[in-house]
Each structure stands twice: as structure tokens, then as C-alpha cells.
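Reviewing the structure listed below.
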Amino acid sequence: MGAIFRPHVSEDKRSDRSARDRQRHRQKIRDSIRDNIADIIAEESIIGRDRDKIIKVPIRSIKEYRFIYGENSPGVAQGDGESQPGDIVQKGDPGQPDASGEAGNAPGVDAIETDVTLEELIDIMFEDLELPDLQQKRLKEIESLRTMKRKGYQKEGIRPRLDKRRTALNRIKRKISAAKSRPDFDDEKDRFPFHRDDMRYHRVVTDTDLQSNAVVMCIMDTSGSMGTVKKYLARSFYFLLYQFVRLKYQQVELVFIAHHTEAKEVSENDFFHKVESGGTYISSGYLKALEIVQARYHPSLWNIYAFHCSDGDNFYSDNERALAAAKELCDVCNLFGYGEIKPSGSAYYSGSMLEVFSAIDHPNFSSIVIEKKEDLWDGFRSFMMKDSVTRSSVMSDKKGDGQQAAAGAKP
Amino acid sequence: MLTVNELEDWDKRILELVERFQLKCYPQEFEVCDHFEMIGYMAYSGMPSRYPHWSFGKSYEKQKTLYDYGVGGLPYEMVINSDPCLAYLMRDNTDLLHILTIAHVYGHNDFFANNFNFTSGIEAKYVLEMFKNHAARVRTYMEDPSIGQEAVEDVLDAAHALSLQRSRNNAIRSLTRAQQEAALLEAAQPREDEFSELHERPQYEQPNLSKLPLHPEQNILEFLAKYSPALTEWQRDLLHIVDRESKYFIPQIETKIMNEGWASYWHFKIMNELELPQQYHLEFLVRHNQVLRPTPGGLNPYHLGFIIWNDIERRWNEGDTGREWTSDIPREDISALDENDTPGRKKMFEVRETDRDAAFLRRFLTEDLMRQVDLFQHEKRGKERVVTKVADEQSWKDIKETLVQNVGMGSIPVILIDDADFGSKRTLYVRHEHDGRDLQLEYAERSIKHIQQLWGRETVLETVVNGRASLLRLVGDALKVERM
């Protein structure tokens, strides 16, 4: 008896059997990345703006462990005919060459790295934040689009919106029922005109699109005391902030304010790369921010996120003014944060603004200390958690406050 | 590609040869699939139906990535040990490859149907049913709201880690507890003694029947399913499921070289007898040599198996059988014999029934063959793996020994449960049978965790680390190595 041959069944007639298991596997990879997110964030390679960039992420938890032999077990392989003792076996570790049996039954080297795009990674990052869903309504929105859209029908309307087909249908319906109740009705001879009740018009509604805008204000101390390491840490933080805000709002703008004793708005490149010298007036940066807010980003239309990175080395005489300006910023911003960057090694002989700012009791203000890369994530986390807390309590009536504050700031 | 009718014609011609060569196959079924399905079948070990688990998804992604990047090709064939035997033909293959695959598959089919590893302990008729049934059971547990996917996965993850820690020989039936007890009692009886009147009456020693297990236990999953106090019914069932499937796959691990060699021997034989048209024949030679080419730095089971089978046939036909050849077998004039009756062929059929890779290599891998294949031994030296021995007069036996030790299930450490009540604290005492090869400690740690998870109490592992007997235990979350 010959064999049975079953022809190929085309793709659309069968299901993708492995879909579920693949999805589950990806889920596990995501979980694993999330568990190690702090390490990954600390890696320099992700700081950069290109969202499509692929990042190699080490994965630990999805190896399939079983008892296997260690490195001291000898292996046997075949050579090219001229093997000599002492030759280095080129190919990795053919330790168990024969066990490459079916079904991955043999222990193999598990893939230790996986590729994710920055986009995915950012998603995972914010999943990890476990922020309560920022509901759209809490965000400040503006009506940006007005379009007319047909939606349903109505009996009254203007001529151009008459739906002729529906109207004609209604007439026919009426005619049939009339014919039943009037036995003398002659379809051919009797006129049966349109009636007002037959008319159907398109209902037209205006459709508004809500748009949410946000601006991220990056304020950085570029005085001489801010070295490369400090700038790098600051940059990483801004990166996280920007990515986060981008995720939640439709339109996000970036403002870079560099300050030493004076503040000015600069380009992104200058912001991170230009080194200034001289002393520090923190207040100058804040005042500049307020000025820009007034001029371009009215708090009733924009969600404002401001963050200031400094090493805390402020001129003593400026502290008072800085505090006042910071409070004012808190009034107009969704979130205002101050990050003091103190890379480990830089001693504490330098000043700190943390104490000064502890006088701010606005719930949407937070200050964090960043000593090393690993602190970035926790710092950012605590900053963002503030966002979700304040949102429910304060932000609901913030809109009014913000307008007042902005109005009050007007000359 | 060839139409079903054409395939059937080729199959008919091949089957005639299969019968002439006296291969005894299960009925054969082929399914035509595309490369996506092939990747899918590979991920699920060819089974049309298997329980859901993320590791299959992982395997799929891996295969797919390799395939997409052109690193790993797909196999020409995939054959399932079942009755009827199920095999897949990949649609995109050339016509000749289909014919070659059909011939090759009959080789596997015959091997499945006759080799003792496959014929003992596995009901080939019910294989597909078994996998389907397991899948249904696992799905039921996952869908049960009181259990759920994650809980099922936890158990499956642990079970997978231990699945190969079971008896390696399906032909050896394990004794039940009652049989073990009976055997112990019997062994404790005083021997019959012709001179009992002269001898002092031997002291009767009551064997300890309360011990668990009575003998060191190799079937870890089975043991845990039976005796673990920490498991519920569905968890025990999951362990049984994984253990049963593992039992099914072990013969394939154990006979990789023999099986592939056997199938290659037969496809070569059959294809040469088929009187292929010219263009097919050339392609056949190319493909055959691609499949059977030696892979320096690795070991191609097709190649090694093929040359050993051919060597067996040659030696027995020529009477050059080394130790196994005895002079009382008269040298026959084999030219008069039918091919099937030649001593070489007879020996091959005998071996295909009775051996597994370890025995096959030990008995038939000769010094000459080793030199021909240029086998060498490599070991870790510093960061590199370095050739330490080549197949010369002094070392070829060592290399062979290493190869035999590493082949098939030999690459899996033997772990035995010695005591389920160690220190009278219900600690599970497991022991690694050390044969010179140390365990990989990170993997050992995780595996111990898995046992502990299933046992529900502390688990310690006796092994040798860097030449010193050691006891591994988990303290908190970390592995502690105690010298013994």
C-alpha cells in the first residue's frame, strides 16, 4: 500500500498555531526587560533621540535551565583532516555536538540578548512606572479642529441636505399602506404626492478634535562647575522626561534654557555642548522660563513640564529670588522638578539648593538627587509619581489657578 | 512542485525498493507544508498538536530568525515516530528533494518501527492521540479560573527543567514499590546452604522497607508526582504529561547518529536504484553530499552514521570483523547471494534493532574510521577550547571513550534521588553521579530551585566541584557550596 499524500492547505484556511506561544514568549521578554529596566536605562547607548534605534538588551530570566555539564567536560568533534593537539577550536563551544537532537531537548546556549527598539523600550519603561492612566480630560486641551460631519437623519432641515432616496422610500411606504386602507386606490391613475412627513434630511454635526499640547522646559545650569558627567546625567533625565511627555500628549515642544548668571534660550545642541563659565544665579533661569511661558505657552492651553538640573552651587545672595521664582513656576507648571546632580566623588563641600527648596510646599514640586546613572530611573520615577498624585488632587482645579497665576504675572 | 499524483508515482517506485530491501515500515503519510509551517513543526517537534508553552514560541522565534537571516536552513524532512508514520514535505523544495526526502523518510520509518528504543515503552499507534490529549488537558488547566496560565506555566517550567532526569532506557521497566519491597525481602533471606548444619546460622537482617526511595531513583518527575506533599492533583498530572512526552523523545536523542545514518544509507541505496533521469541524478549527488558533508569543528550525525553503517556492511561482507568476527564462521562467497542475504546486510539489520548510539559507536567506530573522520578531543584551556587529543595510536581509545560518554543522553548529567527524608527533616537528597564532568553551577542552582519548588521543602544536591565532593544547597536565594 502506498503512502498517503496530503496536499498543502493554503494559509488562510489554517490558524497560526504558534501565535499564542510566541506572544507569551514576547510577554516574558518584556517582563524581563522591565525587571532590569534600571540597568538598561543607565546604559549610555539609549540616550539619543532616535526612536527607531535598536537596542540590545540582556535577557536573563527566559533561559530554560536544566542540569547540564560545566566547562570541564571534554568534547569530541571532527577536524579538517589535519588536526593537531594545541589547535584552537574555532567554533564557540561544540561541547555537545551530538545532542543537538530533536525539539531542543539538548541544552544549548540560550540567546542572551534580544533586540528591542527604543520605542518599545520606552513603552516598557512607562509600563513600569505603573502610572494610573492619565485621563484625557485631566489634560488641558484645546479644540483644534472643527469639521462638519453627517451623522443620522432628521425630519427638518434645509433643502441642500435632503436625502432624496430616503424621502422617496418613505413615500412608497406611505403609498403601500394607503393602498391597503383605501380599496378604491388606483396605483396607476391616482396622484400620490410627497408629503412633509416623507422628508428626510441629513443631520450634520460639528466635530471637534481635542488636542493636547505640552511643553518640556529644560533648564540647565551651564556654569563652569557643571562638568561633562553632570551634563550627561542631566541630559539623560531630560531624555526620559521628553519621551514620557511625548507619549502622553499629541504635540510636544521643547524649550532649552541655559543659565549661569544670565539665562538665555538656546538650541538643543548648544544646550548640551556649549560650556559657559562663571557663577550661577538660578533665579535667572526660572525667570527666563516664566518669561517664555508668558510669551508663548499660556498655561490654559499648554501642559507645562519644567525641570531644572544644577549642581546646586548657587550664589548665596540669589537663593531668596530663586525660591520665589520657583514658587511662581510651580503655579504655572503641571510639574516642576529640581534635580541636583552630584556625581559620586564630587564632595559635598559645594552648596546645595535642596534645603532652600524644601520651603516649597506645592504638591507638584519635587526635588531629587542624582549621584550616579542608576539613580536616574528612581529619580524619574518619583518625579512622575508626583505627577499622578497631584493630578487627582490639585490639577483638577488647576486650570483656573494657572490662568490667574499667568494673568498675575502679566505686567 | 510535483503534483500529488506524481508524488504517488514516485512513492510507488520507492516503496517497491523498500520492500525489495526488506525494510519493515509502518504505513507512511506525507503532508505538504510551506516553510512557515515547517518552522512551526520544528518548534513543536513535529507534533500536529502540542500543549501551549512559551518555550515553543521561543523556539519558533529562534528558528525563524535563523531562517530569515539565512544562517540555518530548514531541514528537508521531518519525520514523526508514530504508526502510521507522519512526515512533512516542504512545498518550496525542488522535485528531486521531494523524491530524496521520501526515500530518506522510509529509512527513518523502518528504524522507528524496529529499533528497540522506539518499540519498547511507546505505543506508536497512539502517539498523536497522546500529544493531543496532553494538549487538551493542559489547556483545560489553563482555562480553569482557579488555576490559570501562570500557575500552569510555573509547574511546566519546573517540569521541563527536570524532564530529561528519567530512565534513559525505555526497555527497562521500573519496578513498582511493591516489587521493590518483595525483591529486598527476597534478597534478605539467607542463601540456601548445603552445609547449613556445619555453618553458623546466618543472622537474618530485616531490610529497611520504610526508606523512600528504596533504591536511588532516576525518574525524578515521576517520583515527585507520586510522593511530593506539596502538589495538587492537576500539578501531578502536569508532571506526568511532561514525563510521558520526555519518554517519547528520549529514543530520538539516544539514536541520532544511527537513525540519520540508517536513513541516509537507505536513501542513497534507493536513489541509486531508481534510475533517475540525468538532471535529477546530478542534483541528487549534490544534495546527498551537502547533507553528508563533514562539519569541521562539529560532528555531523548524518555523515558519521552513514560511514559507520557502510563500514559495517563492508567488514562483515569481507569477514574483516575484528574482535566480533570468529573464524568458525566460514568465509562465504557472497557474490552468489541475494543482496539481502549477505552477511553485511544481515549484520546491519541486526544492529538496527539492538543498538543505540553509545553502543553503536563503541562497537563499530574503528580506529581507521576515527582517523578517516579526523576525530579529536577538545577541552577548555583558559578561555579557549583547544584540541587536546587526536586520533593517533595512543589517544584514539580515549577520544572514543569521550565520544561515547557524550553521545545522546550522555550529555545529560545523571541525577538520582537518594533520600526523601534526609536528616529526618523531609529534605530531598539528590545526588549527581559524577563521572569527571562537573555540573554547570548556575544551571544546577536553578534546577535545584525547580526541584525545591515541586518538592515544597529543602533540596540538597551532592556533587563534585573542582575535584572535591560538595553539597549544594540554597540559602535564601543564593547557592551555597559546602565541602563534604
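Letters A, B, ... are given to chains in the order of the sequence lines, protein chains preceding strands, and every chain is numbered from 1.
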Counting only heavy atoms closer than 4.5 Å, note whether D392(B) contacts chain A via side chain, backbone, both or neither. neither

Which atoms of I399(B) come close to chain A, meaning under 4.5 Å heavy atom to heavy atom: side chain ones, backbone ones, both, or neither? both

Mutual orientation of the aromatic rings belonging to Y69(A) and H432(B) [parallel < 30°, tilted 30-60°, perpendicular > 60°]: tilted

Segment of V414(B) engaging chain A (4.5 angstrom heavy-atom cut-off): backbone

Identify, with sequence neighbours excluded, every residue that meets ring-ring contact (aromatic ring centres under 6.0 Å, His included) alongside F56(B). Y44(B), Y51(B)

Toward chain A, the part of F376(B) with a non-hydrogen atom under 4.5 Å: both

Could you look at E29(B) and say if it's the side chain, the backbone, both or neither that has a heavy atom under 4.5 Å from chain A? both

If you tally heavy-atom pairs under 4.5 Å against chain A, which of D438(B), V386(B), V390(B) wins? D438(B)

Residue pair L164(B) / S246(B): nearest heavy atoms and the distance that separates them: CD2-OG, 3.8 Å

So what's closer than 4.5 Å to chain A heavy atoms on L89(B): side chain, backbone, both or neither? side chain

Under a 4.5 Å heavy-atom cutoff, which of Q149(B), E16(B), E37(B) has the most pairs with chain A? E37(B)

Using heavy-atom distances under 4.5 Å, tell me whether L441(B) contacts chain A through its side chain, its backbone, both, or neither. neither

Measure the CE-OG1 distance between M409(B) and T255(B) for me, rounded to the nearest 0.5 Å. 12.0 Å

Identify which part of L86(B) has an atom lying under 4.5 Å from any heavy atom of chain A, answering side chain, backbone, both or neither. side chain

Chain A contact via D157(B) - which portion, at a heavy-atom distance below 4.5 Å: side chain

Side chains of D374(B) and Q78(A) only: does a donor on one sit below 3.5 Å from an acceptor on the other? no

Against chain B, label Q84(A) side chain, backbone, both or neither, depending on which of its atoms sit under 4.5 Å from a heavy atom there. backbone

To the nearest 0.5 Å, what is the distance between OG (S59(B)) and CD1 (I39(B))? 10.0 Å

Looking only at heavy atoms and a cut-off of under 4.5 Å, which of L162(B), T402(B), V373(B) has the most pairs with chain A? V373(B)

Chain A heavy atoms under 4.5 Å from L461(B): which part of the residue, side chain, backbone, both or neither? side chain

If I measure from the heavy atoms of chain A, does M370(B) come under 4.5 Å with its side chain, its backbone, both, or neither? neither

Would you indicate whether E442(B), at its atom CD, is surrounded by more than 12 heavy atoms from other residues, nucleotides or ligands within a distance under 6.0 Å? yes

Atom CZ of R293(B): over 12 foreign heavy atoms under 6.0 Å: no

Can you measure from OG (S55(B)) to CD (E64(A)) and round to the nearest 0.5 angstrom? 4.5 Å

With chain A, the option among R91(B), K12(B), R371(B), E379(B) that has the most non-hydrogen atom pairs under 4.5 Å is R91(B)

When the 4.5 angstrom heavy-atom criterion is applied to L2(B) and chain A, the contacting part is neither

Side chain / backbone / both / neither for S49(B) at chain A, heavy atoms under 4.5 Å: backbone

For chain A, which candidate among K400(B), E445(B), Q440(B) shows the most heavy-atom pairs at distances under 4.5 Å? Q440(B)

Is it true that the side chains of E31(B) and Y41(B) contain a donor and an acceptor less than 3.5 Å apart? yes

Compute the centroid of each ring, for H53(B) and then for H160(B), and state whether the two points are separated by less than 6.0 Å. yes

Do the charged groups of E260(B) and K256(B) touch, with an N to O distance under 4.0 Å? yes

Which residues pass the salt bridge (Lys or Arg N to Asp or Glu O under 4.0 Å) test with R24(A), sequence neighbours left out? E150(B), E153(B)

Look at A161(B), A444(B), P413(B) and state which one has the largest set of heavy-atom pairs under 4.5 Å with chain A. P413(B)

Heavy-atom cut-off 4.5 Å, strictly under: side chain, backbone, both or neither for R20(A) against chain B? side chain

